[in-house]
Number of protein chains: 4
Amino acid sequence: MAETDFSDRQVQIINAAIKLIGEGGIQLLTTKNLAREVGVSEPALYRHFSNKVDLLRQVLTYLRSRIVQRLNEVAGSDLSPSEKLRELVIRQFTAFSNRPEVVVVLLSEGLYQNNNELSAFVFSIMQVSSSYYLKVIKDGQKTGEFRNDVTAERITFMIMGSMRFCVIQWHLSGFSYKLLPKGEELLDTFFTLLKS
Amino acid sequence: MAETDFSDRQVQIINAAIKLIGEGGIQLLTTKNLAREVGVSEPALYRHFSNKVDLLRQVLTYLRSRIVQRLNEVAGSDLSPSEKLRELVIRQFTAFSNRPEVVVVLLSEGLYQNNNELSAFVFSIMQVSSSYYLKVIKDGQKTGEFRNDVTAERITFMIMGSMRFCVIQWHLSGFSYKLLPKGEELLDTFFTLLKS
Amino acid sequence: MAETDFSDRQVQIINAAIKLIGEGGIQLLTTKNLAREVGVSEPALYRHFSNKVDLLRQVLTYLRSRIVQRLNEVAGSDLSPSEKLRELVIRQFTAFSNRPEVVVVLLSEGLYQNNNELSAFVFSIMQVSSSYYLKVIKDGQKTGEFRNDVTAERITFMIMGSMRFCVIQWHLSGFSYKLLPKGEELLDTFFTLLKS
Amino acid sequence: MAETDFSDRQVQIINAAIKLIGEGGIQLLTTKNLAREVGVSEPALYRHFSNKVDLLRQVLTYLRSRIVQRLNEVAGSDLSPSEKLRELVIRQFTAFSNRPEVVVVLLSEGLYQNNNELSAFVFSIMQVSSSYYLKVIKDGQKTGEFRNDVTAERITFMIMGSMRFCVIQWHLSGFSYKLLPKGEELLDTFFTLLKS
DNA sequence: CATGAATGAGGGTTCATTCAT
DNA sequence: GATGAATGAACCCTCATTCAT
């Protein structure tokens with residue numbers, strides 16, 4: 001897809017931006033800091049992005065493509081719905097563990113508050129993810145693995161909300177503990193509550 | 001408590017600050033905007049707050065005291081655990097509906113990312129709220145209203161997470177729909193899932 | 001003399017001002033700091049001084065009157081010129097030792113640079129002092145105690161310059177050593193060089 | 001030495017700063033005034049100096065290097081000690097005559113009072129100068145040109161003090177008379193008093 | 001005599017961005 | 001591609017001073 005066609009420099013800049021935001025929020029993402037991080041001059045950045053919003057757009061585009069790719073890998077597997085749910089959660093949390101900065105970029109919607117486009121972008125990433133979970137829950141309900149007396153939409157909603165809450169707390173703690181065990185706990189709760 | 005003793009002007013400034021943050025995030029909370037909003041000069045603000053961080057601290061203090069007050073009202077009532085849970089959710093969502101700006105201040109943790117103290121403050125507000133929900137769930141488990149095979153902590157976690165997610169989506173939508181029905185839906189889901 | 005008619009409050013403010021200047025130069029002498037130091041509100045200061053320049057004028061007036069008084073005590077004594085010289089130096093240095101802040105006020109002419117009147121005031125204090133030393137040197141030359149082949153004016157000039165230099169170094173050192181021994185050394189040098 | 005490697009713009013800014021301080025003390029050295037003087041915008045200054053203290057540091061560095069250069073020229077010459085003393089004084093006073101502003105920067109220690117580093121810097125410039133004079137006096141004592149019954153240190157002290165006093169008076173007078181004749185007078189006095 | 005509240009002017013500094021080279 | 005230099009706009013904050021009470 002064209003949207004994921006980034007030059008090496010662009011990817012380098014995107015990753016530097018993610019790192020900066022991860023370190024101290026969008027306030028740290030200044031052209032000066034970014035240039036220093038990348039090791040080029042400030043004007044040089046403008047060869048690769050037309051302005052700061054464009055940069056953030058590309059950061060989100062970049063992250064979305066990787067998330068979707070991960071979601072597709074799971075969705076395309078021949079696991080059972082329950083196993084897929086587990087896989088989705090574990091993979092997501094593993095990805096965050098490996099790169100906590102991404103949490104800040106993706107889960108701090110407030111950051112883009114004054115820019116509808118970017119907020120909408122973040123929202124869309126959230127909804128794309130949702131749709132995969134929804135599918136899995138629906139499948140699980142069809143197979144009878146998951147209870148049927150609550151709509152798949154509502155179940156998905158609770159799962160997404162819990163996951164986000166989990167990650168946000170981890171973030172607010174300064175990433176001071178391991179995220180994965182929390183994911184296991186969550187899954188445990190999910191399965192208990194969803195048992196039909 | 002003395003910490004909630006604000007002068008009229010201070011309350012006025014606090015509310016103006018909340019309004020500004022609500023409108024466009026912390027980026028909009030500049031001394032210039034704030035002064036304009038309050039209708040005084042910039043230096044005048046500094047008679048009432050020693051600096052911007054202090055202002056934010058007081059904003060959070062102010063909001064926390066109102067939240068705790070609301071929580072106490074419910075906790076102190078003689079409702080059943082189920083009814084209390086409903087009351088907590090409805091009141092919280094009603095409060096947000098009446099003043100959507102507060103959502104931005106309280107649920108956009110990222111806003112304070114570069115200030116540990118403020119982040120911790122927001123975190124603490126979250127945890128205070130949590131503790132009230134936890135108590136209610138525990139009570140409900142004792143009375144047998146809520147299922148017992150999942151710990152109260154985990155249930156609370158899911159409830160808080162779902163509520164937050166609900167509010168955040170509402171926020172990202174630009175407060176474009178009514179929040180309260182979503183709360184009712186949530187409660188409906190909770191009660192179905194928690195039935196013992 | 002009318003110029004030394006200060007109310008108690010005025011003296012209190014003057015001394016607070018001297019203390020502040022002593023601590024960190026004129027930059028520290030803000031109305032806010034001064035009010036805090038005195039223990040009154042900022043506007044209250046304006047009951048006693050019409051503005052900051054007026055305050056500084058009174059500070060200098062106050063200090064000049066005390067300096068002149070000290071000089072007169074020595075000049076009016078029936079000591080020999082040599083003894084008077086010694087007495088002048090020792091008393092001056094003793095006064096500075098007791099109140100190092102005054103050094104900053106009196107010997108940092110640069111502080112008043114942008115105000116001709118105050119600069120002139122400081123200059124006049126310097127010249128008043130000079131005149132007393134000059135008289136003593138002249139007397140000493142008449143009695144033959146001091147050499148005659150250099151004019152009293154030039155000798156006075158060297159004495160004043162050396163003393164100032166001595167005090168300024170003491171100041172730049174952060175008042176980290178005893179000033180009086182340096183005065184003794186100076187006197188020793190003077191007497192050796194001035195011996196006729 | 002690398003520390004004296006200033007770009008053209010930096011030198012231009014340094015000189016503008018010296019001019020401003022000369023005109024009205026450090027109070028006149030604002031970024032706004034400086035920018036106007038240099039003919040650039042305020043932010044432009046920050047490409048050449050990281051902040052105001054850094055600017056002052058560089059101003060002092062710049063002046064020190066020129067002073068030391070001048071001192072070395074004299075010290076390295078094959079003049080006699082007496083002639084060297086004369087040369088040191090005359091050159092110093094000539095330099096000040098050509099650029100009276102420098103006097104304000106170098107002899108108004110009070111200006112930097114609230115910044116230990118800068119005060120120490122000024123102090124060090126003073127001491128470097130001192131050391132050259134001391135050497136000359138010592139040499140003169142060895143050759144018998146200067147009297148021996150007062151230590152070279154004390155003599156140097158008196159010379160430095162007198163010179164400073166001379167320059168400060170000139171400054172306080174608003175540079176209203178010629179400095180050089182005063183230097184000649186001073187030298188005359190020195191030679192008379194130091195004759196062995 | 002004193003204060004709380006306020007203010008115009010101005011302080012140093014950082015921002016995203018542009019432009020000539 | 002990349003850079004050094006520059007800038008308008010804006011940032012938070014402090015100053016001496018005034019005024020109603």
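All values reported here derive from a predicted model rather than from experimental measurement.
Protein atom CZ of A/Arg9 is 13 Å distant from nucleotide atom C1' of F/dT3, rounded to whole Å. Residue D/Leu28 contributes atom CG, which lies 12 Å from atom P of E/dG10 at whole-angstrom precision. Taking atom CD of residue D/Gln27 and atom P of nucleotide F/dC15, one finds them 14 Å apart after rounding to whole Å. One can place CG of B/Asn115 at 15 Å from C1' of F/dC12, the figure rounded to the nearest angstrom. Atom C1' of nucleotide E/dG12 and atom CZ of D/Phe49 are separated by 16 Å, given to the nearest angstrom. Here the P atom of nucleotide E/dT7 and the CZ atom of B/Arg36 are 14 Å apart, to the nearest Å.
Remark: A/Arg47 pairs with no residue by the salt bridge (charged side-chain N to carboxylate O under 4.0 Å, His left out) rule, at least two apart or across chains. A/Ser41 meets the side-chain hydrogen bond (donor to acceptor under 3.5 Å, both in side chains) test with no other residue; sequence neighbours excluded. Scanning for side-chain contact (heavy atoms from CB on, under 4.5 Å) contacts around D/Phe123 gives C/Gln169, C/Leu172, D/Met126, D/Gln127, with sequence neighbours left out. For D/Glu42, there are no salt bridge (charged side-chain N to carboxylate O under 4.0 Å, His left out) partners two or more places apart in sequence or in a different chain. By the ring-ring contact (aromatic ring centres under 6.0 Å, His included) test, D/His48 pairs with no residue at all, sequence neighbours left out.
Considering only side-chain N and O atoms, D/His48 lies nowhere under 4.0 angstrom from the phosphate OP1 or OP2 of F/dG4.
Comparing C/Val40 and B/Leu45 by the nucleotide of DNA chain E that holds the closest heavy atom to each, the one mapping nearer the 5' end is C/Val40.
Within a 6.0 Å radius of CG in A/Asn116, other residues, nucleotides and ligands contribute 12 heavy atoms or fewer.
Screening residues 50-63 of chain D for salt bridge (Lys or Arg N to Asp or Glu O under 4.0 Å) gives D/Asp54-D/Arg57, D/Arg57-D/Glu117 as the qualifying pairs, with residues at least two apart or on separate chains. Residue pairs meeting the salt bridge (Lys or Arg N to Asp or Glu O under 4.0 Å) criterion with at least one member in residues 28-37 of chain C, sequence neighbours excluded: C/Lys19-C/Glu37.
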Could you summarise the pairing of DNA chain F as dot-bracket text, marking Watson-Crick and G-U pairs under 3.5 Å with ( ) or [ ] inside the strand and | across strands? .||||||||||||||||||||

When every nucleotide of nucleotides 16-21 of chain F is labelled 5' to 3' by its protein contacts under 4.0 Å (heavy atoms), B for base, S for sugar-phosphate only, - for none, what sequence of letters results? BBBB--

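At least one side-chain heavy atom of B/Thr31 sits under 4.5 Å from a side-chain heavy atom of B/Tyr46.
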